[in-house]
Amino acid sequence: MSAAAAAGPTTSPTFSPTGTFVPGEPWSSGVRRGPDGALSVGGVDVRELAAAQGTPAYVLDEADLRERARSYRRAFETAFAEVGAGVDVYYAGKAFLSVAVARWLHAEGLRIDTATGGELAVALRAGVPGEHVGLHGNNKSDAEIARALDAGVGRIIVDSLVEVERVAAAARARGGAPAPVMLRVTTGVHAGGHEYISTAHEDQKFGLSLATAPGAQDEDSPAMTALLAVLAHPELELLGIHSHIGSQILDPSGFEVAARKVLELRAALAARTGFLVPEVDLGGGYGIAYLPGEVSLDPDRIAKDIAASVAATSAELGTPLPRFSIEPGRAIVGPAGLTLYTVGTVKPVRVAGGGAGPEAETFVRTYVSIDGGMSDNIRPALYGADYHAELANRLSDAAPVLARVVGKHCESGDIVVHEVLLPGDVRAGDLLAVPATGAYGRSMASNYNHVPRPPVVAVAEGETRVLVRRETEDDLLALDLG
Ligand SMILES: Cc1ncc(COP(=O)(O)O)c(C=O)c1O
């Protein structure tokens, strides 16, 4: 839970009472409020969408998604070309992956980063050529590695010494060209919104550390040891070094510090072995706006800052620049999505606000229950993530109330929006739209309480297209062998 929510109501300026809807962040570029007060996305009225597709539904604004992909690619290609380096943008499919989305993003010039055999299967089903796909994961199975090698993936990002051996054995068994691998390192840089999504500090499961043990400065770091192990295997081609420092990062300096450490490691390996690793991946994590008043990281600015910084570091180290890659997920798909819910019940609850005895203050919190919840958006419960909500089917001039948007699951922590001002006449049957749910919504969805997962519906130029259909109870029961 956010600190604000734990402490009771706030008067955060990020609250925008319904009816004051302003196009722009955190909404996708295709969201408008029509003259009769209803929201539309990509030219489709949400009331029609809800009537045709039901709720809850994830709604993806295709034009917005494509534009974000283009703007990241343009920004990085331009900024890195200016310092004389090439760059590839891999879309991190864990944020949300479907066959159509993989096709659209590949058509926009992005490659696809996958983290499991399942994600790899979607990218391949979409027709993305293997060489434009990467496979991550801290515990890839032999089957996943074999499938990746069969598909001719462009890179397998190796996460441990055990995996060096595992990938080498699989490549050896196949014969043929060496397997292209990157080594994931942990730089110690800690960035991002929350402990569980900050992946480059030392005490965690990903990557190999750059740090040597205290008092053992003469020994190689785990990262250096693993790089040497990769070089010692003729079945492996050491393609690059990979660093991902966290998610929802809004301060660019973490990327620059991590890049310096990776470039230093690359220079140290070259000094030791004469081998200059050709590629460096700086991971994803570019932060986005979730609430009104917040601003997403600007790809042009961050690309320029990182390019200038890696160019300066490489010049200082006297090593030519590698080819770079990045792996944005959330920044591409997050703002392009919203979730549409129907309100079921509304319940004002008197809550203790502070003080004691007769002086005790109370306030009313209005619990607005919607037809989804933590099964379609686990991020508030998992990370204390904050979201916004807006009445989507009508305007209201009723005085706003402090509302908490909650789901239908058997958990009191089943909260989608901790605090938001909604019109006091919000009632059953109203539609609520929650913006910025395109990333880590459907991809982290569950069937908790046997709730079928919502569909993903794309909208563009007044047309809707179901990308992933709604699950049914029959889908769930089909797995139950009785
Ligand atoms: C290795 C790696 N790359 C890229 C990403 C994507 O991060 P984001 O969606 O925040 O850009 C993640 C997220 O966890 C990751 O682990």
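When a ligand or atom number is given, it counts from 1 through the structure's own listing order.
Checking D376 against Y341 by side-chain atom types alone, a donor-acceptor pair falls below 3.5 Å.
Heavy-atom separations between G285 and ligand 1 include at least one value shorter than 4.0 Å.
Note that R184 lies in the cation-pi zone of F206, set by a 6.0 Å cut-off to the ring centre and a 45° limit from the axis.
Contact annotation: for H244 versus ligand 1, heavy atoms closer than 4.0 Å belong to the side chain alone. Under 4.0 Å from ligand 1, the heavy atoms of P328 that appear belong solely to its backbone. At a heavy-atom cutoff of 4.0 Å, ligand 1 is contacted by the side chain of Y440 but not by its backbone.
Of the charged side-chain nitrogens involved, none lies within less than 4.0 Å of a carboxylate oxygen, so that K304 and E82 do not count as a salt-bridged pair. A salt bridge between D475 and R470 is absent, with no side-chain N of the basic residue lying under 4.0 Å from a carboxylate O of the acidic one. Note on K140 versus E163: salt bridge recorded, some NZ/NE/NH1/NH2 to OD/OE distance being below 4.0 Å.
At least one N or O atom of E327, backbone or side chain, sits closer than 3.5 Å to an N or O atom of ligand 1. When only interatomic distances are considered, the shortest N/O to N/O separation between G283 and ligand 1 does not fall below 3.5 Å. On a distance-only criterion, K94 and ligand 1 share at least one N/O pair closer than 3.5 Å.
Applying the 4.0 Å criterion to heavy atoms of A92 picks out, from ligand 1, the atoms 4 (C), 5 (C), 6 (C). Of all the atoms in ligand 1, the ones that sit under 4.0 Å from a non-hydrogen atom of R184 are 1 (C). Less than 4.0 angstrom separates some heavy atom of G329 from each of these atoms of ligand 1: 8 (P), 9 (O), 11 (O).
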Is there a side-chain hydrogen bond (donor to acceptor under 3.5 Å, both in side chains) between D220 and T225? Walk through the geometry before answering. CA-CA 6 Å; D220 287 325; T225 305; 4.7 Å; no
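The residue among S247, A331, G246 with a heavy atom at the shortest distance from atom 10 (O) of ligand 1 is S247.
Using a 4.5 Å cut-off on side-chain heavy atoms (C-beta onward), Y383 and Q248 make no contact. Under the 4.5 Å side-chain criterion, counting only non-hydrogen atoms from C-beta, I112 is in contact with L97.
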